[in-house]
Amino acid sequence: MSGETWTVLKIIQWTTEYLKGKSIDNPRLDSEVLLANLLKLDRVGLYLNFDRPLSKEELSSFREIVKRRGSREPLQYITGQQEFWSLDFKVTPDVLIPRPETEILVEEAIKVVSGQGSGASENRLPTTDHRPLIFDLCTGSGCIAVSLAHELEDALVYAADASEAALKVARENAKKNGVQDRVTFLKGDLYGALENRPPTTDHRPLLFDLIVSNPPYIKNIDIPHIQPEVRDYEPMMAVDGGTEGLDFYKRIVADAPNHLSPHGWLMVEVGEGQAEAVSEMMKDAGGFDSPLTVKDLAGIERVVKARKLSV
């Protein structure tokens, strides 16, 4: 890249070809995002500055981040951010990168709490004398918990993760999006994290109106064969779902009735082909109405949900 003038357009064209040769999906988009991030412009700003030459310092910095992307490091770890639910989230290698399909889970959760959508009167939470209580298990970056708190201003959200490093990122994201006063982050293993909640004068068990989770669900035998961005860079504790990819679902579903209020909902994101197995878990657990599934835009059953029966 040295010895000649490199304009914004020229560097985008060169980087696109370089990343294409590294088998990167959407190499043009990645090239533009990386350069826009370096120059502190949006992508429209890049187009308005196609003829702008890069300085030697900018070229040197850009060369390094292009090498990182060429090594299949995720774009989001390089830029340090990812949009989710139209909100801006900080991401680091300590957390799973938020995926667009997880927005299906957020959407379904909002429908239940707010009574939106078809069949709302049958599916929404019953009227209570308290603010809706939501528990997000395996919160990671906090994208689900923060999005729900942002959208449902009357709700109180608890979010748990076994990783303190992930919780640090999640707390930053709550503050970044102005919901830090309505999300309580707890360190611990699934429901065990509730033992670490702040002390109160009310010693009754905490029962939630909604429990949500996007747990690890990749079969460990498949991990060596998944895309390098996930296999080599994302935190394995957020990816590895055990032999069948179902380890976390078994524990989440089995104990959910003990933590749900009457008519409360359990909702989980699942991997492709897992919806039937998770639905059967909910049926076998007892205490739930018939499970329902929701497909994503690709037609894959992405969310499994069930309502606790009234006792």
Side-chain angles (χ1 to χ4, degrees), residues 85 102-139 142-161 170 174 179-186 188 190-198 200-215 248-249 251-270 278-279 281-282 285-294 303-311:
W85 201 255
T102 303
E103 292 188 355
I104 305 294
L105 178 61
V106 172
E107 183 178 10
E108 291 303 308
I110 291 170
K111 286 179 183 178
V112 162
V113 177
S114 65
Q116 300 171 358
S118 60
S121 59
E122 294 81 10
N123 292 334
R124 72 169 300 170
L125 295 174
T127 302
T128 65
D129 59 358
H130 65 259
R131 299 168 70 177
L133 287 174
I134 300 172
F135 195 16
D136 175 27
L137 298 169
C138 307
T139 194
C143 64
I144 296 173
V146 169
S147 298
L148 291 177
H150 187 273
E151 200 75 21
L152 302 166
E153 295 183 359
D154 195 40
L156 294 174
V157 183
Y158 286 76
D161 204 283
V179 297
Q180 67 272 25
D181 294 335
R182 292 186 290 109
V183 184
T184 300
F185 293 99
L186 304 172
L190 299 182
Y191 302 106
L194 292 172
E195 298 174 5
N196 298 321
R197 69 184 171 118
T200 65
T201 56
D202 186 354
H203 299 294
R204 291 176 300 176
L206 192 59
L207 296 179
F208 295 94
D209 301 298
L210 173 65
I211 295 174
V212 294
S213 184
N214 176 24
F248 283 84
Y249 297 108
R251 297 171 58 209
I252 290 169
V253 171
D255 210 16
N258 297 324
H259 297 281
L260 283 169
S261 61
H263 296 298
W265 282 84
L266 171 64
M267 296 187 180
V268 294
E269 178 177 330
V270 296
V278 175
S279 294
M281 287 180 203
M282 292 181 178
F288 286 109
D289 221 336
S290 296
L292 303 170
T293 61
V294 182
V303 171
V304 181
K305 60 182 183 177
R307 182 168 53 181
K308 181 180 177 179
L309 296 169
S310 178
V311 178

Side-chain touch V106/L148, heavy atoms, less than 4.5 angstrom: yes

To the nearest 0.5 Å, tell me how far L133 CG sits from T184 OG1. 10.0 Å

So, do L186 and L194 sit near enough that their side-chain heavy atoms are less than 4.5 Å apart? yes

Nearest-0.5 Å distance, CG of residue D136 to CG of residue D161: 9.0 Å

Taking all non-hydrogen atoms of both residues into account, name the closest pair between V183 and A159 and its distance. CG1-CB, 4.4 Å

What heavy-atom pair brings F288 and M282 nearest, and what distance separates the two atoms? CD1-O, 3.6 Å

Could you state the interatomic distance from CD1 (I252) to SG (C138), rounded to the nearest 0.5 Å? 5.0 Å

Within the 3.5 Å criterion, strictly below it, is a donor on E108 or W265 matched to an acceptor on the partner's side chain? no

Heavy-atom side-chain contact between P132 and L152 under 4.5 Å: no

Report yes or no: does K308 contribute a side-chain atom to a donor-acceptor pair with the main-chain N or O of P257 at less than 3.5 Å? yes

Side chains of M267 and V112: does their closest heavy-atom pair fall under 4.5 Å? yes

So which atom in C143 and which in S147 form the shortest heavy-atom distance, rounded to 0.1 Å? O-OG, 2.6 Å

Within this structure, what is the OH-CD distance for the pair Y249 and E269, rounded to the nearest 0.5 Å? 6.5 Å

Taking all atoms of both residues into account, what is the closest heavy-atom pair of V113 and I134, and its distance? CG2-CD1, 4.3 Å

With the side chain counted from C-beta on, respond yes when R182 and R131 share a heavy-atom pair under 4.5 Å apart, and no when they do not. yes

For residues F248 and L190, determine if any side-chain heavy atom of one lies less than 4.5 Å from a side-chain heavy atom of the other. yes

Could you check whether the rings of H259 and Y191 sit parallel, tilted or perpendicular, using 30° and 60° as the cut-offs? parallel

Mind checking whether F208 and F135 have parallel, tilted or perpendicular rings, split at 30° and 60°? parallel

Between NZ on residue K305 and OG1 on residue T293, distance to nearest 0.5 Å: 9.0 Å

I211 pairs by side-chain contact (heavy atoms from CB on, under 4.5 Å) with which of V268, L260, V253? L260

Enter the distance from I144:CD1 to S213:OG here, rounded to the nearest 0.5 Å. 7.0 Å

